[in-house]
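Structure record follows, encoded as structure tokens.
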Amino acid sequence: MTPPTARTWAKRGHTPVIRVRARSQRRFSVAALACYKQGERSRLIYLPKRHVDHKRGGRRSFTGTDYRDLLIAAHQQLGAPIVLVWDNLNVHKDRRLREFIDTHDWITCYFLPAYAPDFNPVEGIWSLLRRSSQVNTAFTDPDHLISTLRHGLRHIQYRSNLINGCLAETGLTMTTPRQQSQ
């Protein structure tokens, strides 16, 4: 990931240049869920993963089992059923992952329209992450990158107002149907 640039400085008449090395041989993925539960603070549940063997034909992104593990962890942390609103990433529609979702009654899954990043609150999370912890940073090694990612995600995770902003920016309502009293 090329580091985003915010503000920088240089002597008058000299254009500032940020040098970064070319493509890294290492690969990282991060999956996240922006969670809302009526009457509680919003939460961010994330899972970073380092792909060590992607050069030898290994996987370069999350698998269905990685997403399954993230959903199980989210269910345990939230202690409630999950209504999942996902984009149309091919792994999200994987047959084995769909079977897992269909066999567990605590998950209800909806898919966003084909290309609708405006409706995905996690896109706002990635934007916050890039503009805060990663700005003007040239990472020295993979450990520096992953520790910066974790620190930035933790910063967002403990500030529910940031997560609320990302959820509200989608324009989707954050209300759940109330149970009828008898």
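The figures that follow rest on heavy atoms only: side chains count, while hydrogens, waters and symmetry mates do not.
In the hydrophobic cluster analysis, where Ile, Leu, Val, Met, Phe, Trp and Tyr join through side-chain heavy atoms closer than 4.5 angstrom, L44 is grouped together with F28. Tracing side-chain contacts under 4.5 Å through hydrophobic residues (I, L, V, M, F, W, Y), one reaches I146 starting from W126; they form part of the same cluster. Hydrophobic clustering (ILVMFWY, side-chain heavy atoms < 4.5 Å, transitive): Y67 and V83 are in distinct clusters. Linking Ile, Leu, Val, Met, Phe, Trp and Tyr residues whenever their side-chain heavy atoms come within less than 4.5 Å places L70 and L89 in a single cluster.
Taking 4.5 Å as the limit, some side-chain heavy atom of L71 sits within range of a side-chain heavy atom of L33. When side chains are defined from C-beta on, F119 does not count as touching V85, because their heavy atoms never get closer than 4.5 Å. Two residues are said to be in side-chain contact when any heavy atoms from C-beta on lie closer than 4.5 Å; L78 and I45 meet this criterion.
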message = With side chain to side chain contact (heavy atoms under 4.5 Å, CB included) as the criterion, how do L149 and Y46 come out once you've worked through the C-alpha distance, each side chain's angles and the decisive distance to 0.1 Å?
response = CA-CA 11 Å; L149 281 172; Y46 62 91; over 6 Å; no
request  = I would like to know whether L47 and F62 meet side chain to side chain contact (heavy atoms under 4.5 Å, CB included); could you show each step before the answer?
outcome  = CA-CA 10 Å; L47 176 67; F62 274 91; 3.7 Å; yes
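More than 12 heavy-atom neighbours from other residues, nucleotides or ligands sit within 6.0 angstrom of NE2 on H144.
Between S42 and S160, the shortest heavy-atom distance links the atoms O-CB, 3.6 Å. The two atoms that bring A32 and V122 nearest to each other are O-CG2, 3.5 Å, heavy atoms only. Taking both residues in full, the closest heavy atoms of I163 and R43 are given as CD1-C, 3.6 Å, listed atom of the first, atom of the second, then distance. Nearest heavy atoms, R41 versus Q157: NH1-O, 3.9 Å. Considering every non-hydrogen atom in both T170 and C166, the closest pair reads CG2-O, 3.5 Å. What you find for V91 and G64 is that their closest heavy atoms are CG1-N, 3.7 Å.
In this view, R159 and H155 satisfy the side chain to side chain donor-acceptor pair (under 3.5 Å) rule, not counting sequence neighbours.
Atoms CG and OG, from L145 and S147 in turn, are 8.0 Å apart once rounded to the nearest 0.5 Å. The CD atom of E169 sits 12.5 Å away from atom CD of E123, with the distance rounded to the nearest 0.5 Å.
Formation of a donor-acceptor pair under 3.5 Å by the H75 side chain with backbone atoms of P81 is not found in this model. A donor-acceptor pair is defined here as one N or O able to donate and one able to accept, closer than 3.5 Å; no such pair exists between the side chain of N120 and the backbone of W86. Judged purely by atom type and a 3.5 angstrom limit, D66 uses its side chain to pair as donor or acceptor with the backbone of T63.
In this structure, F111 has its ring center no closer than 6.0 Å to that of H92.
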Cut-off 3.5 Å, no hydrogens considered: what does the side-chain donor-acceptor table look like for residues 101-110, sequence neighbours left out?
unit_1: T103; atom_1: OG1; unit_2: E99; atom_2: O; d: 3.0
unit_1: T103; atom_1: OG1; unit_2: F100; atom_2: O; d: 3.0
unit_1: H104; atom_1: ND1; unit_2: F100; atom_2: O; d: 2.7

